[in-house]
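Take a look at the structure below.
None of these values were measured; they are calculated from a predicted model. To find a chain, count down the sequence lines: A is the first, B the second, and so on, and within it residues start at 1.
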2 protein chains.
Amino acid sequence: MIQLDASDSPDSRTLHDRLVAGIRDIILQGDLPESIRIPEAQLCAQFQVSRTPLREALKALASEGLVTLRPNRGAIVTPLDATLLSEIFEAKQAIEQFIGMHAAIRADVADLTALEDLHCALQQVAHRGDYATYTLLNSQFHDRLAASAQNKQIQKIYSKLQVQIRRARLVINQNPTRMQESALEHEGIMAALRIRAPLDLADRLVRHNKATAEAFMSKVQADRKRPVRI
Amino acid sequence: MIQLDASDSPDSRTLHDRLVAGIRDIILQGDLPESIRIPEAQLCAQFQVSRTPLREALKALASEGLVTLRPNRGAIVTPLDATLLSEIFEAKQAIEQFIGMHAAIRADVADLTALEDLHCALQQVAHRGDYATYTLLNSQFHDRLAASAQNKQIQKIYSKLQVQIRRARLVINQNPTRMQESALEHEGIMAALRIRAPLDLADRLVRHNKATAEAFMSKVQADRKRPVRI
DNA sequence: GCTCTCCTTTATGCATGCAAAATTAAGCGA
DNA sequence: TCGCTTAATTTTGCATGCATAAAGGAGAGC
């Protein structure tokens, strides 16, 4: 998981934080079908808390955009449609541009070594064809790159956009060849980062994002026709 | 105020929405000093509600970044320091770039006429030297421009960044000559928009943002030394 | 006079309870 | 059998209450 605030202690100090993180994880694992009422009572039982803190957590997640509150009709996991997804990729492009321009200049030694390590692992995993691990490491790689831009606001925005995309992965069957392409693009990204080339890095990140977006969007129409889950 | 969701009805249907908007406004008006405990009880009395919905609203605002929750020690209005502000301006630059590139292409006739109207009003107000009205209209102008880019995600991100900057205006004495400069830059922005020149519009927006940021940041050190308020 | 400790007061965090709205089920007529 | 009306059930939204942690203050010790 992404560590944005230093306030995020090992067991997430407050009940509120634990609930927000917990429900977010449940949604990201796809264990809460979208578009249907989130069972407040069930979650209360699951987390062993009363409705008050649970509802507070849901309001916070709503403010994040992950759930939608329908007055008097409960909360639902915000449905992901093609429009929303394409807007998210578009917004992410703007952020990636920024990350490229600034990470190339601001990344410190710790960032660079961490990124090299992740990159190395990614290439091996891509070679093995382990898609699940690739997705995980890929997330970590891009989060670290976002952090290298040294702007907490951007990091937060990026993280929220990534959450939605991670959620989309649940319902979209990924094209396996995309992983190989992605790994190739990552070589270019690392090359640009190593020589600290802002324009090149930004350009490669934007193109990487576009390629991922296209791979996603081409599958959206096909996959979303089928029943979403359960 | 900014209308992001169509769900924002005149009196903001739900109590929750009204509370979030209401507290946000109070903070934006500077009626809640930052860094000291937000008086839960007082707000309850003010809005005539019990602590439960009020606390839910505070959690939502915390998720927005406007307030900070300190476990067992109440909520405070997130303090604005120079670092945070400069990060916000930097992030806004990334968003402005996007807005420029896309608004130039996607703005429809309604957008263009609305922007022309706002622009016209802005120029008059700048000429009169009415700073308060200028700030208000300027906000509306940029919000509308953000909307013209036709991407709800960007619009939301932009709006949240703007909120923080609007808050900063409360504690920073603005340089009056900056308004005149700003009005001039707006002429260029409108010119680029009229001929639908994406690169030029983006460039002008970014430079406009940078100039505003510099005007702000130069005042931050000086002004923030003094007592913040009350 | 200063600091540390203990006690009082206040505020927070969460559970519970109750009224209103929505959902579901049942009954009725066509 | 299907659709509509109405009653029963569930769920939501908010208020209230209670246990606990923090803040404030008084008094003892140095």
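Between A:R55 and the phosphate of D:dG13, there is a side-chain N or O to OP1/OP2 separation shorter than 4.0 Å.
The only member of B:L205, B:L118, B:D111 that meets side-chain contact (heavy atoms from CB on, under 4.5 Å) when paired with B:L145 is B:L205.
Here the shortest heavy-atom pairing between B:L19 and B:A57 reads CB-CB, 3.8 Å. The two residues B:H142 and B:H208 come nearest to each other via the heavy atoms NE2-NE2, 3.3 Å. Counting all heavy atoms, side chain and backbone alike, A:L84 lies closest to A:P79 at CD2-O, 3.6 Å. Taking each heavy atom of B:I76 and B:I38 in turn, the nearest pair found is C-CD1, 3.8 Å. Of all heavy-atom pairs spanning A:E87 and B:Q150, the tightest one is OE2-O, 3.8 Å.
To the nearest angstrom, P of D:dT12 lies 12 Å from CD of A:Q42. The CG atom of B:D17 sits 15 Å away from the C1' atom of D:dC14 (whole-angstrom rounding). Computed from coordinates, the B:R70 CZ to D:dA22 C1' distance equals 10 Å when rounded to whole Å. In this entry the distance linking CD of A:E56 with P of D:dG13 reads 14 Å, nearest Å. If you measure from atom CD1 of A:I76 to atom C1' of D:dT12, you get 15 Å, rounded to the nearest angstrom. Per the geometry, CG belonging to A:L69 stands 12 Å off C1' belonging to D:dT12, to the nearest Å.
Both B:R37 and A:Q48 lie close to DNA chain C; mapped to their nearest nucleotides by heavy-atom distance, the more 5′-ward contact belongs to B:R37.
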Please list each protein N or O that sits under 3.5 Å from an N or O in nucleotides 17-21 of chain D, with the distance.
none

Derivation of the side-chain contact (heavy atoms from CB on, under 4.5 Å) call for A:S182 and A:T212: CA-CA 8 Å; A:S182 170; A:T212 308; 5.7 Å; no
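The nucleotide range of DNA chain C contacted by chain A, defined by atoms under 4.0 angstrom from heavy atoms of the protein and reported 5' to 3', is C:dC14 to C:dT23.
Under the 4.0 Å criterion applied to side-chain N and carboxylate O atoms, A:R51 and A:E40 are assigned as salt-bridge partners. A salt bridge links B:E90 with A:R106: the distance from a Lys NZ or Arg NE/NH1/NH2 to an Asp or Glu carboxylate oxygen falls below 4.0 Å.
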